[in-house]
Amino acid sequence: MSELHLYNSFTRRKEKFESITPGYAGLYVCGPTVSGESHMGHARPYITFDVVQRYLKHLGYKVRYVRNITDAGHFEEEGRDAIDKVSEKALLEKLEPMEMVHKYTSMFHKGMALFNCEEPNIEPTATGHIIEQIAMIEKIIAAGYAYEINGSVYFDVPKYAENFAYGKLSGRVLEDQLETTRDLDGQDEKRNKADFALWKNAPPEHIMRWASPWGEGFPGWHIECSAMSRKYLGDKFDIHGGGMDLQFPHHESEIAQSTIANGHAPVNYWMHNNMITINGKKMGKSYNNVIKLSELFSGNHPILAQAYHPMVIRFYILQTHYRSTLDFSNEALQAAEKAFISICETRDTLAKLQFDTAKELNQELDTTLVNYINECDDFMNDDFNTARVIANLFLLKPNINSLDKGDFAKYSIKEESLNYIKSKFETYFTNILGLKPLDAAQSEKLDQVLALLIEMRKDARKRKDFAASDLIRNKLAETGVLLKDEKDGSVSYTLE
RNA sequence: GGUCGCGUAGCCGAGUGGCUAGGCAAAGCUCUGCAAAAGCUUCUACAGCGGUUCGAAUCCGCUCGCGACCUCCA
């Protein structure tokens with residue numbers, strides 16, 4: 001039995017996972033900025049880390065999963081217009097900032113529920129932790145690594161770099177940063193281009209503002225995650241996750257701030273998921289190719305050929321390793337949809353499969369199938385390789401069908417092996433990958449209606465009235481219900 | 001421009017110094033009144049050029065192509 005190893009972005013190596021407190025695991029994941037509707041890009045990290053926390057729990061860890069909501073607006077400390085993103089949008093929509101933040105938070109939650117993502121244990125908001133952020137900034141100033149100017153506070157990056165490895169996480173050299181960072185307005189205050197804001201003085205038009213030792217203002221972009229992760233997970237915790245695009249400057253800055261405030265690095269393992277691309281380009285506001293979750297589920301977007309069920313998206317994402325880019329296309333999603341429906345059928349078949357005492361044991365088959373399901377543990381332990389787990393579930397498919405439909409007419413596997421495979425398949429499908437079949441409730445009613453039609457068709461076939469039987473089948477096919485005559489004389493159906 | 005990463009069969013995508021991942025699509029067979037489904041079989045790929053090695057898609061170098069980050073971003 002292998003042990004969990006994960007790729008640590010900080011060391012750029014796969015490392016054995018050892019939690020700080022045996023039996024407990026602390027996980028912090030950067031949550032969304034709720035200044036707009038969630039899009040397809042949001043699906044990736046939250047599904048990825050949902051599986052991470054599910055698997056940690058499966059391994060027996062007591063997990064505290066913290067995922068923040070950024071509702072104060074990331075301030076662009078090198079921004080052109082020095083306007084808080086959240087409040088700018090709020091003015092345009094003529095909404096109270098908190099009203100808008102509430103709306104998009106709620107939509108985000110609904111999306112996550114549709115993806116079957118378990119809720120984090122704590123979901124702290126930036127606006128709810130201004131006090132903690134101010135306290136942390138004061139510590140950094142006291143330590144001599146930040147300076148105040150005109151009511152704003154900046155982190156002194158070159159000074160930090162003298163004593164600590166600034167840039168290690170993102171593989172950057174400070175000198176390059178100093179040379180290449182572009183000249184932007186509002187830079188004058190900072191001593192160095194690489195410095196970043198801990199606290200920003202609020203201009204009069206800025207709606208979101210809080211009193212601080214440096215006047216009215218709002219927190220800098222990075223400090224919220226440092227303050228909130230420390231509060232709920234401690235000044236050193238196990239895993240910090242987020243999208244690759246956050247590695248620099250966000251996570252690099254988090255490390256710097258926390259290292260000064262806490263006296264040591266805050267995180268043991270950094271995990272970064274790769275991006276979703278559309279036609280080879282990252283999805284992002286600046287590319288104008290964002291597909292919102294609501295558009296994805298309704299199919300109402302020029303790029304989309306059809307609507308896609310949230311479970312199909314989840315399956316699609318898990319079919320690719322989280323550190324690879326995932327290029328979106330209708331073809332790929334349609335393939336994923338078929339594959340997902342197919343594996344759901346296998347799950348049903350397996351659940352109903354009964355041990356047959358009349359058949360003789362085929363030890364080789366027994367060993368192979370048990371091995372397929374056991375390998376899933378090794379794959380998950382190897383940096384959460386859900387793609388290989390799913391591949392092995394597909395390896396089981398033809399074997400399960402053969403055991404069920406009698407292609408393996410004479411032989412079988414041990415009863416205990418069958419029960420073991422049933423149990424583990426279900427654990428992987430439902431608990432670890434977090435999948436659930438499509439529309440379980442609806443299909444019950446359909447079942448009853450179709451049972452009637454199937455009976456009528458059976459009757460027609462008995463009378464050799466194939467015109468009538470084909471009419472039923474063809475008309476059903478037109479509406480997307482495909483009938484299948486099974487070998488044992490029964491009839492099943494699938495929905496297109 | 002700087003830094004980092006990627007280029008795998010028709011498509012999507014794992015993996016990796018020797019043992020054809022998997023899915024979708026396609027073809028053949030079996031089954032079947034006909035279909036569909038299912039089962040079996042087939043399609044044996046790793047950008048190009050050098051090098052290291054008994055052996056490279058996997059390691060190294062160069063070239064070409066693509067992307068990410070450097071600025072809000074999941």
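Within every chain, numbering begins at 1; the chains are lettered A, B, ... in the order of the sequence lines, protein sequences first and strands thereafter.
Partner assigned to rA14(B) is none, using Watson-Crick or G-U wobble distances below 3.5 angstrom. Judged by Watson-Crick or G-U wobble contacts below 3.5 Å, the nucleotide rA38(B) has rU30(B) as its partner. With a cut-off of 3.5 Å on both Watson-Crick or G-U wobble distances, the partner of rC69(B) is given as rG2(B). Nucleotide rU53(B) has no partner under the Watson-Crick or G-U criteria, as no pair reaches both atom distances under 3.5 Å. Of the nucleotides present, none pairs with rC19(B) by Watson-Crick or G-U wobble criteria with both distances under 3.5 Å. Pair assignment for rG7(B): rC64(B), on the basis of Watson-Crick or G-U wobble contacts that are both within less than 3.5 Å. Shown here, rC43(B) forms no base pair; nothing in the strands shown gives a Watson-Crick or G-U wobble contact with both key distances under 3.5 Å.
Contact between the side-chain N/O atoms of S324(A) and the OP1/OP2 oxygens of rA14(B) is found at a separation under 4.0 Å. A close approach under 4.0 Å does occur between a side-chain nitrogen or oxygen of N401(A) and OP1 or OP2 of rG39(B). Between K338(A) and rA25(B) there is a side-chain N or O to OP1 or OP2 distance below 4.0 Å. The side chain of K464(A) contributes no N or O atom lying less than 4.0 Å from OP1 or OP2 of rG33(B). Contact between the side-chain N/O atoms of T325(A) and the OP1/OP2 oxygens of rC6(B) is not found at any separation under 4.0 Å.
The existence of a salt bridge linking R323(A) and D383(A) is confirmed by a sub-4.0 Å separation between a basic side-chain nitrogen and an acidic carboxylate oxygen. A salt bridge between R461(A) and D465(A) is absent, with no side-chain N of the basic residue lying under 4.0 Å from a carboxylate O of the acidic one. Under 4.0 Å is where a charged nitrogen must lie from a carboxylate oxygen, and between K424(A) and D377(A) at least one such pair does.
I400(A) places its CD1 atom 12 Å from the P atom of rC40(B), with the value rounded to the nearest Å. Between L169(A) atom CG and rC4(B) atom C1' there is a gap of 12 Å when expressed in whole angstrom units. To the nearest angstrom, P of rG22(B) lies 15 Å from NZ of K397(A). For the pair L326(A) CG and rG22(B) P, the computed distance is 20 Å after rounding to whole Å. Rounded to an integer number of Å, the gap from CZ of F108(A) to C1' of rA74(B) is 10 Å. Rounded to whole angstrom, the span from the CG atom of N274(A) across to the P atom of rC66(B) amounts to 19 Å.
Put simply, F394(A) does not rest on the base of rG23(B): the two rings are not both less than 5.5 Å apart at their centres and under 30° in tilt.
The side chain of F466(A) sits closest to rG33(B) out of rA21(B), rG33(B), rA74(B). Comparing atom distances between the P398(A) side chain and each of rG39(B), rA74(B), rC24(B) picks out rG39(B) as nearest. If you check rC12(B), rC69(B), rC24(B) against the side chain of A339(A), the one that comes closest is rC24(B). You'll find that the side chain of R457(A) is closest to rG33(B), out of rG33(B), rC24(B), rG67(B). Of the candidate nucleotides rA14(B), rA21(B), rA74(B), rA14(B) has the atom nearest to the side chain of N385(A). Counting only heavy atoms from C-beta on, L395(A) has its side chain closest to rG22(B) among rA74(B), rC70(B), rG22(B).
Here, rU53(B) and rG13(B) have their P atoms 36 Å apart, quoted to the whole Å. rA26(B) and rG61(B) have their C1' atoms separated by 40 Å, given to the nearest Å. The P atoms of rA45(B) and rG22(B) are separated by 15 Å, rounded to the nearest whole Å. Atom P of rA35(B) sits at a distance of 38 Å from the matching atom of rC46(B), rounded to the whole Å. Nucleotides rU52(B) and rC11(B) are separated by 35 Å at their C1' atoms, to the nearest Å. rC29(B) sits 42 Å from rC54(B) when the C1' atoms are compared, rounded to a whole Å.
You'll find a donor-acceptor pair under 3.5 Å spanning the side chain of R473(A) and the base of rA35(B), going by distance alone. Interface remark: the R323(A) side chain does not form any donor-acceptor pair with the rC6(B) base, using a distance-only criterion of under 3.5 Å. Judged by distance alone with a 3.5 Å cut-off, a donor-acceptor contact links the side chain of D470(A) to the base of rG33(B).
Where H321(A) and N399(A) meet RNA chain B, the nucleotide closest to each residue was compared, and H321(A) sits on the side nearer the 5' end.
Aromatic pair H222(A)/F196(A): centroids less than 6.0 angstrom apart. You'll find the ring centres of F237(A) and Y269(A) outside the 6.0 Å limit. Side-chain rings of Y160(A) and F155(A) approach one another, their centers coming within less than 6.0 Å.
Cation-pi check for R67(A) over Y46(A) is met; the charged atom lies under 6.0 angstrom from the ring centroid and within 45 degrees of its normal. Figure legend: R12(A) and Y7(A) shown without cation-pi pairing, the cationic atom not lying both under 6.0 angstrom from the six-membered ring centre and within 45 degrees of its axis.
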